[in-house]
Amino acid sequence: MPLFRALDGGQVLCKWGNAMPEIILRSAVEHDAADMLALYAPYVLETTVSSEYEPPTLEVFIGRMRSYTEHLPWLVCTVDGETVGYGYASPHRTRAAYQWSVETSIYVASAWHRHGIASAIYAALFELLTMQGYYNIYVGITAPNERSMKFHKAMGFIISGAYQESMYKFGQWRDVLWMGKSLRPHEGAPQPTVPFDAIKDSLLVGRVLRQAVQRIHL
């Protein structure tokens, strides 16, 4: 069994013994941006997972972090100090009536697939977003991507619809399938959401991260 130790700033350390790697799941900070961008760039250049043609500059990437992290969680996972995955929530739409819905994105380094990193990040995001008062999560999946669809179904997402031939990349028009997950019953008027910045250092957030990291297997 792994041993867990809470670190400052809501970090959670999973130590598997003297000869085993240290796994940390925590809130991302700007110091992580370069490593996360390096992980993200191959998704832009080599896949249709990202709709971008060129990776953003570090300045732009940091700007995205700043625009999201005040209100929404952005999590990073490291193994022995190496950034192996990250995930975050962003607004689904900007107009007022959509403020209780978010979109999520998760990226894992190719060498670290199938170790439960993505499911651990998602498990934490589900709990944190529920704590904040959000109701719905959506994810766009560029078709075809059966592996991603199967993974998201396993995480509780259902198919919501598709934007047909809405994305053009690598010389081809592509459909984007949308999947959604409800975080709570849709009963009555929703209360204002709680900014993540207000809770990220709490013991409760630390517990959520500690429970989520147990999904990771090396």
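It should be emphasised that the depicted structure is a prediction, and the values quoted were computed from it without experimental measurement.
Put simply, the side chain of Leu37 reaches to within 4.5 Å of the side chain of Phe61, judged on heavy atoms. Between Leu129 and Tyr135, the closest side-chain pair of non-hydrogen atoms is not below 4.5 Å. Counting heavy atoms from C-beta on, the side chains of Arg93 and Gln99 never come closer than 4.5 Å. Contact of the Val194 side chain with the Met131 side chain is not registered, since no non-hydrogen atoms from C-beta on lie closer than 4.5 Å. Side-chain contact check for Ser166 versus Asp175: every heavy-atom pair is 4.5 Å or farther apart. For the pair Tyr134/Thr193, a side-chain contact is recorded, criterion being any heavy-atom separation below 4.5 Å from C-beta on. In this structure, Thr48 and Met167 have side chains that are in contact, with non-hydrogen atoms separated by less than 4.5 Å. Put simply, the side chain of Arg26 reaches to within 4.5 Å of the side chain of Val76, judged on heavy atoms.
Remark: the backbone N or O of Asn145 is not paired with any side-chain donor or acceptor of Ser148 at under 3.5 angstrom. Between the side chain of Arg215 and the backbone N or O of Ile117, no donor-acceptor pair lies under 3.5 Å. When atom types are taken as modelled, the side chain of His115 and the backbone of His217 share a donor-acceptor pair closer than 3.5 angstrom. Tyr43 places a side-chain N or O within 3.5 Å of a backbone atom of Val108 that can act as its donor or acceptor partner. At distances below 3.5 Å, not a single donor-acceptor pair connects side-chain atoms of Lys200 with backbone N or O atoms of Pro73. In terms of modelled atom types and a separation under 3.5 Å, the side chain of Asp35 and the main chain of Asp32 share no donor-acceptor contact. No side-chain donor-acceptor contact under 3.5 Å links Lys169 to the backbone of Val49.
Here the CD1 atom belonging to Ile121 is positioned 6.5 Å from the CG atom belonging to Leu25, to the nearest 0.5 angstrom. Residue Ile141 holds its CD1 atom at 15.0 Å from CZ of Arg174, rounded to the nearest 0.5 Å. Expressed to the nearest 0.5 Å, how far CD1 of Ile137 lies from OG of Ser101 amounts to 9.5 Å. Here CD of Gln172 is found 11.0 Å from OG1 of Thr142. Values are rounded to the nearest 0.5 Å. With values rounded to the nearest 0.5 angstrom, Lys150 atom NZ is found 14.5 Å from Met155 atom CE. The distance from atom CE of Met36 to atom CH2 of Trp74, rounded to the nearest 0.5 Å, is 5.5 Å.
Note on Leu209 and Val29: separate hydrophobic clusters, where clusters join Ile, Leu, Val, Met, Phe, Trp and Tyr whose side-chain heavy atoms are under 4.5 Å apart, directly or indirectly. Using a 4.5 Å cut-off between side-chain heavy atoms of Ile, Leu, Val, Met, Phe, Trp and Tyr, with links allowed through other members, Val60 and Leu58 fall into different hydrophobic clusters. Hydrophobic clustering (side-chain heavy atoms under 4.5 Å, transitive across Ile, Leu, Val, Met, Phe, Trp, Tyr) groups Ile62 together with Val44. Grouping the Ile, Leu, Val, Met, Phe, Trp and Tyr side chains by contacts below 4.5 angstrom, directly or via other members, places Phe151 apart from Tyr138. Val102 and Trp100 fall into different hydrophobic clusters, where Ile, Leu, Val, Met, Phe, Trp and Tyr residues are linked whenever their side-chain heavy atoms come under 4.5 Å apart, directly or through other members.
Sorted by first then second residue, the side chain to side chain donor-acceptor pair (under 3.5 Å) pairs that include residues 63-72, not counting sequence neighbours, are Glu30-Arg66, Glu52-Arg64. Applying the side chain to side chain donor-acceptor pair (under 3.5 Å) test to pairs two or more places apart or on separate chains, those with a residue in residues 77-90 are Glu82-Trp112.
Side-chain atoms of Thr104 and Tyr122 form a donor-acceptor pair, as typed in the model, at a separation below 3.5 Å.
Partner Asn136 forms a side chain to side chain donor-acceptor pair (under 3.5 Å) with one of Arg184, His92, Glu103, His186 and no other, that one being His186.
Other members of the cluster containing Trp173 are Tyr53, Tyr168, with ILVMFWY side chains joined at under 4.5 Å, either directly or via other members.
Nearest heavy atoms, Gly85 versus Leu39: N-CD1, 3.6 Å. Heavy atoms only, all atoms of each residue included: Leu183 and Phe126 are closest at CD2-O, 4.0 Å. When all heavy atoms are compared, the tightest approach of Ile216 to Gly116 is CG1-O, 3.8 Å.
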inquiry  = Before you tell me yes or no, could you show the steps for Met179 and Lys153 under side chain to side chain contact (heavy atoms under 4.5 Å, CB included), namely the whole-Å CA-CA distance, both residues' side-chain angles and the distance that decides it to 0.1 Å?
reply    = CA-CA 9 Å; Met179 301 184 73; Lys153 286 180 180 179; 3.6 Å; yes
message = Working note: Ile106 + Val139, criterion side chain to side chain contact (heavy atoms under 4.5 Å, CB included); need CA distance, chi angles, decisive distance, verdict.
response = CA-CA 10 Å; Ile106 293 180; Val139 60; over 6 Å; no
inquiry  = side chain to side chain donor-acceptor pair (under 3.5 Å), that's the test. Do Tyr40 and Ser50 meet it? Break it down for me.
reply    = CA-CA 9 Å; Tyr40 174 61; Ser50 170; 2.7 Å; yes
